[in-house]
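Quick notes on the structure that follows.
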Amino acid sequence: MDFSLFYFDGDGSVARPNQYQLLIESAKFADHNGFTALWTPERHFHAFGGLYPNPCVTSAALAMTTANVQIRAGSVVMPLHHPVRIAEDWAVVDNLSNGRVAIAFASGWTMDEFILSRTPHASRKAQMWRGIQQVQQLWQGKAVDFQDAAGKTVSTRSLPRPIQPQLPTWITCQSTETFIEAGRLGANILTSLLGGSLEQLAPKIQAYKQSLSKHGHDADSKTVSLMLHTFLGSERDQVKTDVRQPFCDYLKTHYGLLENLAKGMGLSISLEDFSDDDLDSLLLFGVEGFMNDRSLIGTPETCLPFLQKLAQAGVTEVACLIDFIQDFDRVMQALPYLKQLKDNCAIHLSRTAIASGVY
């Protein structure tokens, strides 16, 4: 089981000094302590994730402050960008990092962000698959045909040349169909438990692995990365007490995104439909659910059994979302406990594999 750090919160709606202090300092911790990767997202027009409109920019900064970890986009919203722009920008970061970049591609979510795209929202999935193929071809130095403003076909090769001959690729997945298509392409997977339980996710992972094998890819060589909200300490009840209110505040911001999602589905809901008491109760219910079976919130000892369940379900990497608590000192103080969990997990899973005859 690999461990990486994931960033997604980051309220960019208020100007503050040292907005990216947690990103940089926790990245240094990960780089020095055997973590696999760092993920930064692409978010637009919302306080939730507002510090991260462009993962290429944050990745360039991380490339200059780390030496070992892979630097990943989690994710690039493919329909919002021209493939040439993606290939060019990330080739720069690949050079800055000496060949450590990877990209998880996503099709996009909210309607508002598609003001940045010439692709209709309804066509975003098709554009994602087409764009991924074009980016990969450009990355390999192949010429790809595009039309200029006059409709003329231009055969295009992007520069600079990257360090890595192949672009490590993930697909951000929620639906079974996307898992299967990712398997057909031979891409890695980035997913979460935001929309369901581990019991619901496991069959999707199996469908992905079957698709990999069916299309001639080595399933054992692929990574299934699962994003989980993560905060650890020395005593479980105290951790839950410390996390409860910050997590409620975080989810309150996150639930606002549901209004945009509903708009894209032709539905009409509003948080104004709930009283403050109802909303607080809903949030507390959501927090308890996340802490019990959809997160790494607890101690290195109490979280270990959940990691074993993840491994049994086919998860091979935990992408630990650490910035949902907006307190630099508290998050940094929790990271050594996460390293302890990572190290304990490696020992525990190795022993389990030996006992079961895998090794």
Side-chain angles (χ1 to χ4, degrees), residues 3-30 35 38-55 57-59 61-62 65 73-75 109-110 192-194 227-260 271 276 279-291 294-299 303 318-339 341:
F3 283 71
S4 55
L5 297 187
F6 201 103
Y7 308 84
F8 202 91
D9 190 15
D11 183 356
S13 64
V14 179
R16 300 185 184 92
N18 300 318
Q19 289 270 51
Y20 297 94
Q21 182 183 20
L22 177 60
L23 172 68
I24 298 301
E25 295 304 320
S26 61
K28 291 177 182 178
F29 179 92
F35 287 75
L38 306 166
W39 302 84
T40 54
E42 177 177 353
R43 292 288 306 127
H44 299 287
F45 316 132
H46 201 281
F48 179 71
L51 287 182
Y52 300 105
N54 189 340
V57 175
T58 48
S59 293
L62 294 174
T65 54
S75 308
W109 182 16
T110 63
S192 73
L193 295 179
L194 294 177
M227 188 276 288
L228 290 173
H229 295 76
T230 302
F231 187 84
L232 281 81
S234 61
E235 205 280 320
R236 185 173 185 268
D237 290 340
Q238 186 60 52
V239 168
K240 293 182 73 172
T241 298
D242 291 343
V243 165
R244 189 170 284 109
Q245 189 56 52
F247 210 166
C248 281
D249 296 339
Y250 163 82
L251 288 180
K252 187 177 293 185
T253 306
H254 178 55
Y255 282 168
L257 287 176
L258 298 182
E259 294 182 4
N260 289 331
L271 296 182
D276 289 342
L279 185 56
D280 287 342
S281 297
L282 180 64
L283 289 169
L284 282 172
F285 178 79
V287 165
E288 291 300 327
F290 268 98
M291 289 196 291
R294 296 186 186 183
S295 68
L296 292 178
I297 294 177
T299 71
C303 289
V318 179
C320 302
L321 194 155
I322 62 170
D323 64 342
F324 66 98
I325 295 179
Q326 294 292 299
D327 187 319
F328 171 79
D329 291 331
R330 289 172 68 187
V331 174
M332 291 300 297
Q333 290 165 7
L335 290 180
Y337 294 102
L338 179 56
K339 179 184 183 300
L341 175 63

Just wondering, do [Y] and [X] contact through their side chains at under 4.5 Å, heavy atoms?
X    : Y    : answer
I297 : V239 : yes
F3   : T230 : no
R43  : F8   : yes
V331 : S26  : no
S234 : Y337 : yes
L23  : L38  : no
L5   : L338 : yes

Checklist line | side-chain contact (heavy atoms from CB on, under 4.5 Å) involving T241 - partner list, sequence neighbours excluded | finding: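 T241: side-chain contact (heavy atoms from CB on, under 4.5 Å) contacts with Q238, R244.
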Next item on the list: Check side-chain contact (heavy atoms from CB on, under 4.5 Å) between Q333 and all other residues, then give those that pass, not counting sequence neighbours.
Entry: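 Here the qualifying residues are D329.
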Checklist line | Listed partners of E235 passing salt bridge (Lys or Arg N to Asp or Glu O under 4.0 Å), at least two apart | finding: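 E235 satisfies salt bridge (Lys or Arg N to Asp or Glu O under 4.0 Å) with no residue once adjacent residues are dropped.
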Out of curiosity, [X] [atom1] to [Y] [atom2], how far, rounded to the nearest 0.5 Å?
X    : Y    : atom1 : atom2 : result
Q21  : M332 : CD    : CE    : 8.5 Å
L335 : L341 : CG    : CG    : 12.0 Å
H229 : F324 : NE2   : CZ    : 6.5 Å

Notebook entry, point to check: Would you say the side-chain atoms of Y7 pair up with the backbone N or O of L22, donor to acceptor, closer than 3.5 Å?
Noted result: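 Absent.
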Notebook entry, point to check: Would a distance-only check, ignoring hydrogens and angles, find a side-chain to backbone donor-acceptor pair under 3.5 Å from Q245 to D242?
Noted result: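 No: the side chain of Q245 does not pair with the backbone of D242.
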With [X] via side-chain hydrogen bond (donor to acceptor under 3.5 Å, both in side chains) - residues at least two apart:
X    : result
S59  : none
T58  : T40
S295 : none
T299 : E301, T302

Would you name the heavy atoms of [X] and [Y] that are closest together and state the gap between them?
X    : Y    : value
L51  : Q19  : CD1-O, 3.6 Å
F231 : R330 : CE1-O, 3.6 Å
G298 : C303 : N-SG, 4.0 Å
S4   : A319 : OG-CA, 3.3 Å

Notebook entry, point to check: Going by the angle between their ring planes, with limits at 30° and 60°, are F35 and F29 parallel, tilted or perpendicular?
Noted result: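 Aromatic pair F35/F29 classed tilted.
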Check: Got a sec, which residues hit ring pair (Phe, Tyr, Trp, His ring centres under 6.0 Å) with F6, two or more places apart in sequence or on another chain?
Finding: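 Testing F6 for ring pair (Phe, Tyr, Trp, His ring centres under 6.0 Å), a comparison that skips the adjacent residues, returns W39.
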